[in-house]
Engineer: 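My questions all concern the structure below.
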Protein chains: 2
Amino acid sequence: MLSTMQDVPLTVSRLLRHGSVVHGDSQVITWTGDAAPERRTFAEIGRRCARLAHALRDELGVRGDQRVGTLMWNNSDHMEAYLAVPSMGAVLHTLNLRLPADQLTWIVNHAADRVLIVNGSLLPLLAPLLPHLPTVEHVVVAGPGDRSVLADARPQVHEYEELLAGRETGFDWPELDEREAAVLCYTSGTTGDPKGVAYSHRSIYLHAMQVNNAEAFAMTVADTMLPVVPMFHVNAWGLPHAAFMAGTTLLMPDRFLQPAPLAEMIEAERPTLAAAVPTIWQGLLAELDARQRDVASLRSVIIGGAACPPSLMRAFWDRHAIRVLHAWGMTETSPLGCIAHPPKGLSEEEEWAYRQTQGRFPASVEARLAGADGTFQPWDGKSTGELEVRGPWIAAAYYGGAAGVPLRPEDKFSPDGWLRTGDVGTITPDGYLTLTDRAKDVIKSGGEWISSVELENHLMAHPEVAEAAVVAVPDEKWGERPLATVVLREGAGVDYAELRAFLAERVARWQLPERWALVPAVPKTSVGKFDKKVIRRQYADGELDVRQLG
Amino acid sequence: MLSTMQDVPLTVSRLLRHGSVVHGDSQVITWTGDAAPERRTFAEIGRRCARLAHALRDELGVRGDQRVGTLMWNNSDHMEAYLAVPSMGAVLHTLNLRLPADQLTWIVNHAADRVLIVNGSLLPLLAPLLPHLPTVEHVVVAGPGDRSVLADARPQVHEYEELLAGRETGFDWPELDEREAAVLCYTSGTTGDPKGVAYSHRSIYLHAMQVNNAEAFAMTVADTMLPVVPMFHVNAWGLPHAAFMAGTTLLMPDRFLQPAPLAEMIEAERPTLAAAVPTIWQGLLAELDARQRDVASLRSVIIGGAACPPSLMRAFWDRHAIRVLHAWGMTETSPLGCIAHPPKGLSEEEEWAYRQTQGRFPASVEARLAGADGTFQPWDGKSTGELEVRGPWIAAAYYGGAAGVPLRPEDKFSPDGWLRTGDVGTITPDGYLTLTDRAKDVIKSGGEWISSVELENHLMAHPEVAEAAVVAVPDEKWGERPLATVVLREGAGVDYAELRAFLAERVARWQLPERWALVPAVPKTSVGKFDKKVIRRQYADGELDVRQLG
């Protein structure tokens with residue numbers, strides 16, 4: 001029996017219309033450094049979105065689902081592209097300005113971007129790539145920055161403001177299928193080519209409803225949100241869309257992401273909410289400790305993108321009465337996977353244990369743990385497995401590019417369509433996730449999993465140990481066993497047996513490494529993470545002086 | 001370009017699964033009068049839902065989209081039917097126990113209910129109808145009440161608890177199309193046959209997300225919600241579904257809807273939120289004024305279903321520090337149409353003006369005002385029109401019954417598919433709705449609309465007037481003009497000219513009635529509303545002694 005309800009699609013244009021009409025007085029404030037912040041009302045942004053759409057269609061000839069890339073900071077021009085490009089039916093492709101040149105080039109070509117909107121300050125980054133971007137026909141430059149680097153550029157160059165000037169302030173936004181792509185965002189995976197997630201209008205809309213849920217970030221018209229998380233990174237966690245849904249004023253940091261200007265803009269514009277990765281908050285905390293800053297306007301800051309050190313959460317609460325809200329997600333999950341609001345009826349101390357988990361799953365995100373033996377593990381807070389998730393804003397595949405066929409790599413998607421997150425952890429009976437490891441770093445020993453991170457943390461707690469990295473190495477009997485590589489502090493005299501005894505007091509016996517190697521330093525990736533690939537290769541090639549114990 | 005997101009349907013079974021697993025400790029508490037309240041955890045309800053589905057399928061043979069009716073109070077058995085029936089793919093049909101017998105009979109036959117689940121206390125209401133309900137094959141009786149009235153009943157009679165006993169506590173809920181019907185609910189329209197709205201899984205799910213939005217009712221796991229609004233009335237405003245989404249404990253009043261037991265259950269179970277129509281709150285207020293009652297647990301009460309008198313809102317705030325949250329909706333809008341949260345930055349006094357509106361539209365509800373001349377009116381807070389709405393939880397038609405063709409009466413649905421609400425009012429530039437009249441009672445005079453309610457309110461403010469009803473009557477020159485019928489207080493000596501002068505000080509000259517009639521009483525409907533149909537007929541038949549003025 002079919003329902004009798006209206007078949008109204010959930011689209012970005014609905015957010016644009018709603019925000020610019022019902023919340024026309026709300027603002028997007030862009031920080032400009034020393035000058036006065038630039039303020040645009042949602043109503044004004046609505047009119048400029050119409051102008052941008054006219055310009056893209058009439059002047060640059062954007063049609064159908066062609067891709068419009070943005071290489072931009074968080075600012076109100078970027079907000080206009082966010083709303084206008086998907087609303088006209090085209091696909092917004094947000095480009096990560098921190099990627100190496102070759103990856104950026106690869107991504108633009110894979111997405112076949114026809115237009116790039118770029119901040120003037122990022123032209124030195126873009127200009128050298130342009131000769132290698134054959135699909136790009138138009139470059140639109142917005143905001144301050146020297147244009148001369150584009151002198152010899154092949155694509156047509158336009159000024160953003162000139163392009164918008166004088167055009168109509170209304171646009172007949174098409175009624176789109178909510179399952180069509182709205183935004184394309186590539187993951188900067190550490191292995192293989194980058195992979196594109198094509199968010200749908202539906203997934204973006206539902207995700208925005210979730211962001212504004214009382215159990216998530218609870219954004220309202222009374223709030224001002226400071227998204228430090230970049231708009232090129234998973235839609236800035238969906239906050240710009242959610243803001244237009246709720247009428248929440250946005251405070252955009254543009255390129256001023258250092259602790260001092262962040263503190264300054266918080267003091268001046270008094271946001272009630274902010275969102276960023278832990279390193280940003282670590283920097284801000286140091287700034288707040290060093291100088292007297294008024295950040296009392298903040299009621300909650302959202303931390304995601306990486307696990308937040310408990311000490312950081314405590315410091316914000318104890319020293320500044322700011323609640324840190326821990327959340328977990330990834331590019332493939334839009335990103336809201338879970339949020340660490342504690343359950344009710346607990347003491348402040350008991351709540352801390354929950355605040356430090358990755359969080360609780362909302363109704364729209366189903367979760368399961370695929371264990372070492374392939375069976376699904378119970379939610380008992382102890383059994384470990386790789387987290388798999390399912391839901392209306394979770395990816396089912398990666399964008400296939402010109403070939404058109406979506407990519408469904410086996411290690412990323414289960415046969416029944418769930419996303420394999422590559423994260424390993426436990427779930428409590430009441431749905432709180434705690435991550436313990438990346439799946440690729442877990443040691444699969446005789447049908448059980450051993451967390452490399454847990455062993456490392458214990459080893460590094462030993463006073464004589466400077467660093468420790470644990471990796472899986474092949475073992476005839478068990479499949480895999482842990483190899484512990486240890487960097488001793490200068491002048492330390494500890495031996496393997498002592499380290500093993502130290503570990504034995506802290507983990508189960510079957511988890512204790514038999515293979516040990518002292519190394520002068522742990523090899524690291526370009527961003528400073530342990531490079532376990534290199535350690536595994538060193539072991540395979542016999543480059544390590546390995547001792548066998550136990 | 002298709003997105004790469006998962007195609008996961010938004011279904012009631014998703015709410016059932018989520019609530020019973022992630023929020024397994026939350027409760028549905030049913031008030032039982034003098035005995036201890038009955039408590040069931042969401043986990044227990046999840047297991048009982050599986051049992052109910054097995055019983056309906058295996059024992060009663062419910063298949064496909066067959067209808068299972070409920071004639072029940074707000075209680076945990078009803079909650080189980082709410083979740084289990086749609087989750088198994090059947091359609092829940094909630095029956096309004098306050099309807100006259102002939103309408104109830106008509107509705108059950110139109111929906112072709114195969115099973116009825118009924119509370120024991122309502123059997124005296126149902127038993128006499130059963131001979132006239134040929135499609136009903138099974139009656140399932142739940143809760144206390146004399147069963148003997150069913151002795152001669154034709155359909156098979158079952159005990160709810162016996163039916164559930166011993167069955168499996170898991171059920172393989174089917175993956176449904178989110179656009180399929182989940183719940184059928186008939187409006188008790190004052191004219192013509194009742195009309196059925198078939199809510200979809202999608203509309204119920206999206207509506208639940210909206211209910212839990214920070215700008216709506218903001219229900220969380222820390223809340224206990226008391227839905228006094230019946231579960232047979234527009235899904236109790238979607239609160240049961242939203243509760244399973246958020247993990248909110250529900251306090252169910254069952255049949256104890258009088259002020260004294262309501263105050264008692266609030267005192268005992270300490271709900272943080274409650275929802276009901278104004279008359280219930282009026283009664284509760286009188287109870288609170290008469291007796292010392294502790295209702296401090298309530299942070300907010302939601303009033304809808306009819307306009308809330310401002311004095312009532314003030315009284316709750318001034319005398320009990322309880323916020324009344326005004327909301328507007330109807331059966332055809334699921335019902336959340338708008339919610340009266342004031343904008344930010346206002347003084348307490350300024351906020352009151354906003355709190356007394358019908359509320360602000362959320363992103364998912366588009367609105368427009370169709371004016372007297374058929375054109376859409378500006379949102380200026382002054383221009384008047386009939387409210388039309390559009391959105392994913394707004395009806396597009398009524399259920400067509402066995403014939404299968406949905407009904408789309410012209411006065412209810414515009415040619416482009418918007419719902420014509422039949423309500424007339426204004427919208428401010430920032431999207432706040434104020435209703436002034438029902439469309440059928442508005443006087444369409446020369447391309448302008450005159451509010452009958454406004455004229456009546458002014459007339460009834462005159463010290464000598466007991467009651468006044470204003471209706472539209474045909475007029476050669478203007479199309480329609482107002483006729484004022486007035487009931488004077490005993491011994492009052494006021495004349496027409498004085499009343500007209502009194503009105504002239506309060507409304508525009510062109511709105512002043514030319515036709516006046518003194519009447520002994522205003523004719524009323526069975527529920528005490530002015531029966532304007534009767535007045536118009538009396539006028540047409542020359543039964544009124546009409547004086548012409550001006």
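Every value quoted in this text rests on a predicted model; they were computed, and no experiment measured them. Just so we're on the same page: letters track the sequence lines, and every chain starts at 1.
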Engineer: Would you mind checking which part of R408(A) comes under 4.5 Å of any heavy atom in chain B, side chain (CB onward), backbone (N, CA, C, O), both or neither?
Structural biologist: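 When you check distances to chain B, no heavy atom of R408(A) falls under 4.5 Å.
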
Engineer: Quick one: which of H23(A), R390(A), E180(A), K344(A) has the most heavy-atom pairs under 4.5 Å with chain B, could you say?
Structural biologist: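 Among H23(A), R390(A), E180(A), K344(A), the one with the most close pairs to chain B is R390(A).
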
Engineer: For the rings on H110(A) and Y186(A), is their centre-to-centre separation under 6.0 Å?
Structural biologist: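 Here the rings of Y186(A) and H110(A) have centres that are less than 6.0 Å from each other.
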
Engineer: Chain B: which of M219(A), E175(A), H201(A) shares the most heavy-atom pairs with it under 4.5 Å?
Structural biologist: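 When all of M219(A), E175(A), H201(A) are compared, E175(A) has the most.
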
Engineer: Which one wins on heavy-atom pair count under 4.5 Å against chain A: H18(B), Q6(B), R202(B), R67(B)?
Structural biologist: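 Among the listed options, the one with the most contacts to chain A is Q6(B).
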
Engineer: Does any part of the side chain of V8(A), heavy atoms only, come nearer than 4.5 Å to the side chain of I394(B), both counted from C-beta?
Structural biologist: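 Answer no - side chains too far apart.
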
Engineer: Does any N or O in the side chain of T331(B) come within less than 3.5 Å of the main-chain N or O of V234(B), such that one atom is a donor and the other an acceptor?
Structural biologist: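 Between the backbone of V234(B) and the side chain of T331(B) there is no qualifying donor-acceptor contact (under 3.5 Å).
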
Engineer: Could you have a look at L206(B), V21(B), V197(B), N213(B) and say which one has the most heavy-atom pairs with chain A under 4.5 angstrom?
Structural biologist: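 Max contact count across the listed options: N213(B).
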
Engineer: Of all of D177(B), L2(B), V183(B), which one pairs up most often with chain A through heavy atoms under 4.5 Å apart?
Structural biologist: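 It is L2(B).
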
Engineer: Aromatic rings F361(B) and W379(B): how do their planes relate, parallel, tilted or perpendicular, breaks at 30° and 60°?
Structural biologist: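 The arrangement is tilted - the two ring planes meet at 30° to 60°.
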
Engineer: What residue, out of G89(B), A198(B), G196(B), has the most heavy-atom pairs lying under 4.5 Å from chain A?
Structural biologist: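 So the answer, after comparing G89(B), A198(B), G196(B), is A198(B).
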
Engineer: Under a 4.5 Å heavy-atom cut-off, does chain B meet the side chain of D25(A), its backbone, both or neither?
Structural biologist: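 No part of it gets close to chain B.
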
Engineer: Distance-only, no hydrogens or angles: does the T333(B) side chain make a donor-acceptor pair with backbone N or O of G329(B) under 3.5 Å?
Structural biologist: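 A pair under 3.5 Å: no.
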
Engineer: I need the single residue from T272(B), T248(B), N212(B) that forms a side chain to side chain donor-acceptor pair (under 3.5 Å) with D223(B). Which is it?
Structural biologist: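 Testing each of T272(B), T248(B), N212(B) against D223(B), the sole residue satisfying side chain to side chain donor-acceptor pair (under 3.5 Å) is T272(B).
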
Engineer: Between the side chain of T4(B) and the main-chain N/O of A397(A), is any donor-acceptor distance below 3.5 Å?
Structural biologist: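 Checking the backbone N and O of A397(A) against the side chain of T4(B), a donor-acceptor pair under 3.5 Å is found.
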
Engineer: Name the region of I427(A), side chain, backbone, both or neither, that has any atom closer than 4.5 Å to a heavy atom of chain B.
Structural biologist: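 Neither part, no heavy atoms under 4.5 Å.
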
Engineer: Does this structure show an ion pair linking E215(A) with R360(A), if we count only N-O contacts that are shorter than 4.0 Å?
Structural biologist: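 Salt bridge absent between E215(A) and R360(A).
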
Engineer: At a heavy-atom distance under 4.5 Å, which candidate from R14(B), M209(B), H341(B) has the highest pair count against chain A?
Structural biologist: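 Most heavy-atom pairs within the cutoff with chain A belong to R14(B).
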
Engineer: Chain A heavy atoms under 4.5 Å from V365(B): which part of the residue, side chain, backbone, both or neither?
Structural biologist: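 Answer is backbone: N, CA, C or O of V365(B) sit under 4.5 Å from chain A.
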
Engineer: Is it the backbone or the side chain of V91(B) that comes under 4.5 Å from a heavy atom of chain A, or both, or neither?
Structural biologist: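 Interface part for V91(B): side chain.
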
Engineer: Given heavy-atom pairs under 4.5 angstrom as the criterion, report whether the side chain, backbone, both or neither of L10(A) touches chain B.
Structural biologist: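 Contact with chain B involves both backbone and side-chain atoms of L10(A).
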
Engineer: Examine whether an atom of Y205(B) lies under 4.5 Å from a heavy atom of chain A, and if so say whether it belongs to the side chain, the backbone or both; otherwise answer neither.
Structural biologist: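 For Y205(B), the side chain is the part near chain A, not the backbone.
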
Engineer: Name the option with the most non-hydrogen atom pairs under 4.5 Å to chain A; the candidates are D65(B), L184(B), V22(B).
Structural biologist: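 Option with the greatest count: V22(B).
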
Engineer: Treating S13(B) as the side-chain partner and S87(B) as the backbone partner, does any N or O pair qualify as donor plus acceptor under 3.5 Å?
Structural biologist: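 Side chain of S13(B) to backbone of S87(B): no pair is present.
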
Engineer: Is there side-chain contact between Y399(A) and M1(B), with heavy atoms separated by less than 4.5 Å?
Structural biologist: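 Yes, side chains in contact.
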
Engineer: When heavy-atom pairs shorter than 4.5 Å are enumerated against chain B, which of G64(A), A222(A), G431(A) gives the highest number?
Structural biologist: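 Answer, by heavy-atom pair count under 4.5 Å with chain B: A222(A).
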
Engineer: Assess whether atom CG of D380(A) is packed by more than 12 heavy atoms of other residues, nucleotides or ligands within 6.0 Å.
Structural biologist: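 More than 12 within 6.0 Å, yes.
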
Engineer: Could you walk me through whether H207(A) and Y199(A) pass side-chain contact (heavy atoms from CB on, under 4.5 Å), step by step?
Structural biologist: CA-CA 10 Å; H207(A) 186 269; Y199(A) 304 111; over 6 Å; no

Engineer: Below 4.5 Å from any heavy atom of chain B, which atoms of Q66(A) appear? Answer side chain, backbone, both or neither.
Structural biologist: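 Nothing of Q66(A), per the 4.5 Å heavy-atom cut-off to chain B.
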
Engineer: Identify which part of F413(A) has an atom lying under 4.5 Å from any heavy atom of chain B, answering side chain, backbone, both or neither.
Structural biologist: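 It is neither, since no heavy atom gets under 4.5 Å.
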
Engineer: S203(A) versus chain B, heavy atoms under 4.5 Å apart: side chain, backbone, both or neither?
Structural biologist: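 Side chain only.
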
Engineer: I need the residue from P362(A), A367(A), P429(A), A208(A) with the largest number of non-hydrogen atom pairs under 4.5 Å to chain B.
Structural biologist: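 The option with the most such pairs is P362(A).
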
Engineer: Is S334(A) in contact with chain B via its backbone, its side chain, both, or neither, using a 4.5 Å heavy-atom distance?
Structural biologist: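 When you check distances to chain B, only side chain atoms of S334(A) fall under 4.5 Å.
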
Engineer: Do we get R17(A) above W173(A)'s six-membered ring, with its NZ or CZ under 6.0 Å from the centre and within 45° of the axis?
Structural biologist: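 Relative to the ring axis of W173(A), which defines the angle, R17(A) lies outside at least one limit.
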
